[in-house]
Structure formats: structure tokens, C-alpha cells
Amino acid sequence: MASSLPLSLLQISCISLLLALLISPAVQAATCNSQTFKNKLYSNCSDLPVLSSYLHWTYDRSNSSLSIAFVAAPAKTDGWVAWAINPTAERMAGSQALLAHLTANGTPTVTTYNISSYASIIPGKLSFDVWDVSAEFSSGTFIIFATVKVKKDAVSVNHVWQVGPGVNTTTGFPEKHDFSPANLRSYETLPLVANSTTNTTTGGGSTTNTTGGGSGALRTGSGGNMVYSSMASSSSSSSLSIFLPLTLLLLISPALSLTCTSQTFANNKLYSKCADLPVLSSFLHWTYDPANSTLSIAFISPPSKSDGWIAWAINPTSTGMPGSQTLLAYKKADGSMAVKTFNISSYKDILESKLSFDVWDTAAESSGGVFRLFAKLKVEKETVNQVWQVGPSVSDGFPAKHDFLTPNLNSKGTLSLTGGTTTTTASGGSKMKKRNIHGILNAVSWGLMFPIGIIVSGYAIGVAGWATGIKLGSESKGVVYTNHRNIGIVLFALATLQIFALFLRPKKEHKFRFYWNIYHHTLGYTILVLGIINVFKGLDILNPAKHWRSTYIIVIITLGALALLLEAITWIVVLKRKSRKATKPYDGLNNGQG
């Protein structure tokens, strides 16, 4: 009974903490995948780990050119942002920097700085060629655009970024930035070739974060010169609840909108309709001639990696990938583009072959990290099920499997060929909603309530989560997460045994109570460990924003610390009781002398 009050307080505290985390605006985050640009497409992007900054880039290895768009908010509204490559080291000293700020008349401008040492910053040409340099400023955020020449056959570069509060109107020099931990950690290794499409903030990052302390600073030197240290964040403490509205403003800003209507093609190719497809930064242009049932299409998308592939398909029999008649474009070893056709009868049966309908005039182009796939097809329906996808590589003419992230699973829809308006209806939204519900139910039950000790309620919610998982599995033919599924089944079975064992608990004085306790505690700890493991496996599958995983880790660590504290208090109470009992004088009949 002595431990019942602390346990209740623990349960109430943890539930309150969980609710606060779930409704807090701070757990909402924007990502680089939500950002678009007018007349510009990039094949990779990264949510940089500090300063609420983002980098989009396309690397053309054939001519060693790196095209970038750096997005960041200055430390103050009249401040500056900067992005740099350091050819010789990791941090600021030696950096070749592009710095954007507003002129006196409010026009964004970019200045290049060769930062040869911490004691000197000199405006001037960089150590490598730079062209197509420009900047935009909208809703309090700068975007720097540029194309730079990197070392031949480079596979990575050291990049540095920074934000500052203002620019001296007399000298034109940027004022020093803050020296917060984020400002001193804003440098990384940026991979140009491999693993370059995964966001740094969503786990399995595309960039290698360097978390060293970062010596030096940005300060005013003699003669008005500035001294730069490692560029880092002045605004790491800015809450995401402030950043989210800013991101929404950016998304609706005309300066950042990229739509299919702004795209044109060489060789006088014209299409009567176009659609901005809802995922994978993809676009479709088409013309349908009902007189001869001919569909002419142009599909535009960046591959997930520079040497990857893109595909567009019609599924005559279903709405997903199985059954799709697919056109796949990729870049061959000699740099030329190729188009292949695949009849995908199932997820495990992908065969290069003729399609179930006639296809001709197939071709493909590559420019700026974006592939364009052209074809004509014989289609006798005015509404078709379309599927599109992007992948990382091609080996011996066969595509490597694509990612299974949310956009990859939602890249399907219904396409009206003759409608008066351009329509694409992305399916998969309801399935994603079910996946999220499944994840939340199981994280709360197996991952939180069972560790806290709320067994009955946890089991009830866990059953609901388990049932949604079974339903999702039956609806996802060919997609199997074996370990996650098997652990879930074992968890459900063990938890069911644990619940029924409560009704068979012997009384304290019964001789079997000791063995029941061993069984009960062993099973309970097994459920606890398996539940936490499976929550992490579920997070790997859903791949949510990184803060969800971090939040769960913090909650579990907090629960573990509280459990250890309560365990220590319990043992102290027990030992004190034993000590008092051992020293208490015998209060019988005075050894028979009473």
C-alpha cells in the first residue's frame, strides 16, 4: 500500500506529459520536402540540423557543377544569411561564402567572401567558379540560389551556414552573429553522390553532422574587417510554433510556387493539360485524342538519387502498383537516357516486357537533376488509374527498389483524360491515416501505459492497435514488415495471458503465490521490453519527423528514471521496517515471569 500513492502520481504525471507533448505546437515541424521554387527543381534536399535552415541541391557529376538553393531566416528582419563551401577544412576559416542581405531600397543581393582566416574576411571572387547567383526575400526568409564548380569527381563537400542580425549601412559589412551552441555547430559534410535524398532531421540523415564545439566567432576586427568563426545558429531557441506559420507563408508565396504551367519543352512539344502531382515533386503533362484513343504524356520528376530512375504507369486493373504497365526512364553509364517498359504483375514479379497496350515514341531527357519521360499510348478509357515512382539506382538495366516512405506509398491517383479541368486524385490518404492511428494506439498502449503500470486500459488500447495492424496487413498485399508483425503477435498473446493471469492469482498465503509472482513479473518485463522495441520498429516504418522519435525516447528515459527512484524509495522503506522489527523488544509475557 505504501507504493500505491507514488505510482498513481507517476501515472498522472506521465499521462499529463504525454498529452502536453501531443498538443504542443513545438512538436510540429516543416521539412525541405514542403518547399518549392519558381522554375527550379532540385534532386536532393536536407533539413539542416540548426538555425532552421534548409538546403536544396542538384549535382551534375559530368561537369562538376553543384546547383543550390539555401533557405534560412536571418537573426533579425534586416539581417543576413550565408552559405559556404570550405575546400580545405570543416569550419569557417578557409570558407568560400555567399552572403545575402537587403540593400537600402529593400532589394535582396548576394556578395561573395573569401574567408582566408578567422582574422580576415574579404569581399571578392571565390576560389572556384560561381554563376547564376541570385537571392529572393519573402515573408522574412532569404533564399540564395547559385551554381558552383566543385572539384572533379567530388563525392562530398564541407559546407557551412550562418545567420546574422544586420548589415552596417556605412561599410556594407555584415554584423557579427550570435555565439549560441547552434551558431557554433552549423557545419557538416554534404554528400553529393550517395545517400543524398534523406532529410537530416528524419533519421538516417543525408549529411554527416559535425557536433564539435566550434572555436572562434564573428567579431569586428581592426579596419572594419570582420572575423568569422564556424557559422552557426542564432535562433536554435526559436520555437517551431513560430516557424510553422512562416513556412506556410513561404508555401503560398508566389515567388516560391512551382507549377506545371510554368514548364515548357523543346522540339515544340505542347500538351493540352497538366497536373502538379501531389507527392515526389512530380508533374504530368498530357494530350488525349479520343478520335484515335491516343494519349501523349510527358512525366517530369527528379530521381531519388542522381543516378536513379523515374517511372510512370497506368494500371488497367487496380489502383496500386500490382498490375501496373510501367514506363521507366534512367541514365545509362555513357550519360544517355533510356526508357524501358515493365509489366508489374506483383511486387515480387517485375518483368521487363511489352505492355498490355501499344506504346510508341518513347524518349527521355535529363537536365538539372530532373528527368523527363515522353511517350504515346493507346488508351481506350477516358479515366485511368495512374501510378508514379522514383528510385535510387539502376544495375544492369534493372531498377533498384524505391523507398517505402509516405510519399512513395501515396504516389497513385485517378487521372481524367478528357475532363474540362485537370484532375488527379491521390489515393492512399485513408491508408496513411490508418497507419498513423495504428502507430499512436500502440505507442500509447504498449509503449507507455504498460511501462507505467496501467495494464487493463493499456491492454484495451493495445487490442485496438493490434486490430488496426491486422487490417493494414490484409490491405497491403506484397508489403510485409515481418519482424514488426511477429513481435506484435507475440505481444498480443503475452498480454492476453497476463490479463487472464490476474484472475488466477493465488492468495498471498498460498504456496503457489511465490511461483505466480515469478511468472507474472517475468511476463510483465518481457511485454515491457518487446513493446518498446516494437514502437521503435514502427517508427522506422512510418518514418515520421525526427522529433517524434526524440519525444518518445525522452518519455521512456523519464519513466525509467522515475521507476528507479521509486524502486530506491521502496527499498529504503522496506529496509527501515526490517531494521525496526529486528530491534523491537519482545513484548510477550516477560519470559513467563509476568
Side-chain angles (χ1 to χ4, degrees), residues 30 32 35 37 47-56 68-85 91-92 95-115 118 121-123 133-146 159-188 214 216-221 224-250 253 255-256:
C32 63
Q35 298 169 338
F37 309 97
D47 303 334
L48 300 180
V50 292
L51 291 174
S52 299
S53 303
Y54 306 85
L55 184 69
H56 301 252
I68 66 100
F70 173 66
V71 182
K76 294 184 179 179
T77 53
D78 56 349
W80 53 267
V81 305
W83 181 83
I85 288 179
R91 302 180 185 178
M92 178 50 63
S95 291
Q96 310 296 298
L98 298 158
L99 187 144
H101 65 91
L102 295 178
T103 61
N105 62 4
T107 303
T109 186
V110 178
T111 306
T112 57
Y113 290 88
N114 187 331
I115 305 170
Y118 286 111
I121 170 173
I122 302 172
V133 179
S134 64
E136 294 179 0
F137 183 77
S138 176
S139 302
T141 298
F142 279 107
I143 308 172
I144 297 177
F145 300 102
H159 76 129
V160 192
W161 65 98
Q162 188 57 267
V163 299
V167 175
N168 189 302
T169 55
T170 303
T171 64
F173 276 89
E175 297 177 359
K176 65 181 181 180
H177 61 71
D178 289 340
F179 307 122
S180 70
N183 291 89
L184 301 178
R185 289 199 298 266
S186 56
Y187 56 96
E188 291 182 328
L218 170 59
R219 60 182 185 274
T220 305
N225 288 340
M226 309 295 289
V227 181
Y228 278 79
S229 76
S230 106
M231 289 180 155
S233 153
S234 66
S235 58
S236 67
S237 60
S238 300
S239 75
L240 289 172
S241 59
I242 296 176
F243 185 72
L244 185 61
L246 171 62
T247 303
L248 294 174
L249 287 173
L250 288 171
S253 170
L256 296 178

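If you read the sequence from its start, that first residue is 1, and numbering goes on from there.
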- Message: Is there a side-chain contact between P174 and Y113 in this structure, where contact means two heavy atoms from C-beta onward sitting under 4.5 Å apart?
- Response: yes
- Item | Test item: F142 and V163 side chains (from C-beta on) under 4.5 Å apart, heavy atoms | no
- Query: Considering only heavy atoms from C-beta outward, does the side chain of D78 approach that of W80 to under 4.5 Å?
  - Reply: no
- Closest non-hydrogen atoms of K76 and P165, given as atom of the first, atom of the second and distance, are CB-O, 3.4 Å
- Would you indicate whether the side-chain heavy atoms of Q96 and N114 approach each other to under 4.5 Å? yes
- Message: With a 4.5 Å cut-off on side-chain heavy atoms, are I68 and L55 touching?
- Response: yes
- Message: For the backbone of V50 and the side chain of W161, can you confirm whether one donor and one acceptor N or O come within less than 3.5 Å of each other?
- Response: yes
- Task: Considering non-hydrogen atoms only, spot the tightest contact between I143 and A69 and give its length.
- Result: CG2-CB, 4.3 Å
- With a 4.5 Å heavy-atom cut-off, do F37 and H56 have their side chains touching? yes
- Message: Please give me the minimum heavy-atom distance between I144 and L98, naming the atom from each residue.
- Response: CD1-O, 3.6 Å
- Message: Minimum heavy-atom separation for A97 and A84, please, with both atom names.
- Response: CA-CB, 3.6 Å
- Which residues pass the side-chain hydrogen bond (donor to acceptor under 3.5 Å, both in side chains) test with H101, sequence neighbours left out? none
- Query: Taking side chain as C-beta onward, heavy atoms only, is L48 less than 4.5 Å from H159?
  - Reply: yes
- Message: Can you give me the closest heavy-atom contact between V81 and A72, atom names plus distance?
- Response: CG1-O, 3.7 Å
- Task: Taking all non-hydrogen atoms of both residues into account, name the closest pair between C32 and D47 and its distance.
- Result: N-OD1, 2.6 Å
